[in-house]
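Please read these numbers as outputs of a predicted model, since none were measured by experiment. Below, chains carry the letters A, B, ... as their sequence lines are ordered, and counting in each starts from 1.
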There are 2 protein chains.
Amino acid sequence: MNIIITNSSGLPIFEQIENSIKEAIFSNELKEGEMLPSVRSLANELKISFLTVKRAYDELEKAGFIKTVQGKGSYVSPKNLNLIKEEKLKEIQNYIEKIYEVSKISNISKEEVIELFKMIFEEEI
Amino acid sequence: MNIIITNSSGLPIFEQIENSIKEAIFSNELKEGEMLPSVRSLANELKISFLTVKRAYDELEKAGFIKTVQGKGSYVSPKNLNLIKEEKLKEIQNYIEKIYEVSKISNISKEEVIELFKMIFEEEI
DNA sequence: TATCTGTTATATTCAAATTATAACACTTTA
DNA sequence: TAAAGTGTTATAATTTGAATATAACAGATA
């Protein structure tokens with residue numbers, strides 16, 4: 001799995017780990033039932049404290065993405081990814097609606113918004 | 001003026017004040033040349049330190065929204081439409097960045113986001 | 001039993017935000 | 001001109017969240 005943590009991201013480390021693992025689950029790089037790296041091994045790999053990894057795992061469990069069993073490890077939960085994706089699409093739709101409102105009120109053209117959109121989405125390389 | 005500060009917002013107090021005042025300026029509730037509450041009076045009203053209010057005012061001045069004169073007070077600067085537009089563009093940019101994060105994590109393609117974007121923006125044009 | 005797993009408790013470090021306090025400087029006005 | 005408003009500055013302390021270090025504990029499994 002490809003977990004990269006940066007200090008320049010603005011996000012705390014435990015959230016970066018959370019996001020990386022969510023991505024891996026959505027992309028099916030981590031499959032249902034698959035075991036995640038142990039808190040200690042991932043902590044060693046990333047050269048951080050295992051408590052930070054544990055915190056990320058705890059949040060992921062609370063959100064229903066993984067299930068942790070003492071003595072065994074953490075496993076990807078069976079999940080209806082389509083359902084989650086629908087939720088995320090709605091979330092995105094809400095953001096776009098807000099953008100629409102702001103742009104309308106401030107006399108910002110659709111083209112200008114598209115320009116920003118391209119800038120941010122094509123940073124990806 | 002209606003300044004509400006919450007601890008649940010995640011934003012530091014000085015930023016919440018900044019945002020409230022920007023809103024008031026955008027909505028013309030605070031008009032050009034109008035005097036803002038003094039740092040001490042607003043601090044008393046919100047039951048916070050005047051230094052926190054000062055920090056908010058300092059940032060607003062740095063951004064060009066108000067002008068502070070020692071011994072007199074802080075005043076709303078003459079409206080600069082470009083400044084306001086820049087501010088709104090920043091707001092939109094923040095939304096797009098959030099969309100980018102959500103879509104990346106949830107494996108939602110750029111095309112799907114564009115689709116939503118078109119739907120919402122072409123509804124009323 | 002050894003060695004993996006996760007869990008818990010305690011204390012510490014660190015940075016950013018916020019506060020408390022006191023003194024100082026400028027403006028207005030009674 | 002003195003008083004009472006403004007803002008300014010400096011210093012130290014506190015608070016909070018994130019992250020760490022360490023040690024001890026508990027369950028799973030070969």
Side-chain angles (χ1 to χ4, degrees), chain A residues 1 3-22 25 30-77, chain B residues 1 3-22 25 30 32-77 101:
Chain A
M1 193 172 19
I3 296 179
I4 297 168
I5 57 180
T6 329
N7 32 13
S8 65
S9 93
L11 289 179
I13 299 177
F14 75 91
E15 266 190 59
Q16 298 183 41
I17 296 173
E18 260 190 270
N19 289 341
S20 296
I21 291 178
K22 279 186 195 168
I25 292 177
L30 278 174
K31 297 172 187 45
E32 267 188 42
E34 190 168 340
M35 185 175 168
L36 298 173
S38 78
V39 285
R40 281 190 177 80
S41 68
L42 184 53
N44 284 334
E45 191 183 322
L46 300 178
K47 302 191 198 320
I48 58 176
S49 162
F50 75 85
L51 290 168
T52 307
V53 178
K54 176 164 169 46
R55 171 149 187 202
Y57 282 17
D58 284 347
E59 306 270 352
L60 285 166
E61 176 157 29
K62 209 186 301 171
F65 285 95
I66 68 175
K67 178 75 186 161
T68 294
V69 184
Q70 184 171 2
K72 297 187 72 178
S74 298
Y75 301 87
V76 179
S77 293
Chain B
M1 191 171 22
I3 295 180
I4 298 169
I5 57 180
T6 329
N7 32 14
S8 66
S9 95
L11 289 180
I13 299 176
F14 75 91
E15 266 189 59
Q16 298 183 41
I17 296 173
E18 259 190 89
N19 290 339
S20 297
I21 292 178
K22 277 183 196 168
I25 292 177
L30 279 174
E32 274 187 39
E34 188 167 342
M35 185 176 169
L36 298 173
S38 77
V39 286
R40 281 190 176 80
S41 68
L42 185 51
N44 285 334
E45 191 183 322
L46 300 178
K47 303 190 196 322
I48 58 177
S49 162
F50 75 86
L51 290 168
T52 308
V53 178
K54 177 164 168 44
R55 172 150 185 201
Y57 283 16
D58 284 348
E59 306 270 352
L60 285 166
E61 176 157 32
K62 209 187 301 172
F65 288 95
I66 67 176
K67 178 76 183 159
T68 294
V69 184
Q70 184 171 1
K72 298 187 72 179
S74 299
Y75 302 87
V76 179
S77 292
E101 285 308 314

Atom CZ of A/Arg55 and atom P of D/dT20 are separated, to the nearest Å, by 12 Å
To the nearest 0.5 Å, atom CG of B/Leu60 lies from atom CD1 of B/Ile17 at 9.5 Å
Taken to the nearest whole Å, NZ/A/Lys67 to P/C/dG6 is 14 Å
From the candidates D/dA19, C/dG6, C/dT18, the one with an atom nearest any side-chain atom of B/Phe14 is C/dT18
Side chains of B/Glu45 and B/Pro37: does their closest heavy-atom pair fall under 4.5 Å?
no
Using modelled atom types only, decide if a donor and an acceptor are shared between the side chain of B/Glu59 and the backbone of B/Glu15 within a distance under 3.5 Å. no
Are side-chain heavy atoms of B/Ser74 and B/Phe65 found at a separation under 4.5 Å? no
Between B/Gln70 and A/Val69, whichever has its closest DNA chain D nucleotide further toward 5' is B/Gln70
query: B/Phe50 near the nucleic acid: base, sugar-phosphate alone, or nothing, with a heavy-atom cut-off under 4.0 Å?
result: base
Taken to the nearest whole Å, NZ/B/Lys62 to P/D/dT8 is 13 Å
Under a 4.0 Å heavy-atom cutoff, the residues of residues 31-48 of chain A touching DNA chain C are A/Ser38, A/Val39, A/Arg40
Heavy-atom nearest nucleotide on DNA chain D taken for A/Leu11 and for B/Asp58; more 5' hit belongs to B/Asp58
Notebook entry, point to check: So does A/Asp58 pair up with A/Lys54, basic N to acidic O under 4.0 Å?
Noted result: yes
Taken to the nearest whole Å, CD/B/Gln16 to C1'/C/dA17 is 12 Å
Margin query: Please determine whether side chain to side chain contact (heavy atoms under 4.5 Å, CB included) holds for the pair B/Ile66 and B/Ile25, giving the CA-CA distance in whole Å, both sets of side-chain angles, and the decisive distance to 0.1 Å.
Written below: CA-CA 10 Å; B/Ile66 67 176; B/Ile25 292 177; 4.3 Å; yes
Here the distance between atom C1' of C/dA22 and atom CG of B/Leu51, to the nearest Å, is 12 Å
Minimal heavy-atom distance between A/Lys31 and A/Val76, with the atoms involved, is O-CB, 3.3 Å
Rounded to whole Å, CD1 of A/Ile13 lies from C1' of D/dT20 at a distance of 10 Å
Whole-Å distance, B/Lys72 NZ to D/dT8 P, equals 14 Å
When rounded to whole Å, the NZ to C1' distance for the pair B/Lys54 and D/dT11 reads 16 Å
Checklist entry - Does A/Thr52 put a side-chain nitrogen or oxygen below 4.0 Å from OP1 or OP2 of D/dA18? => result no
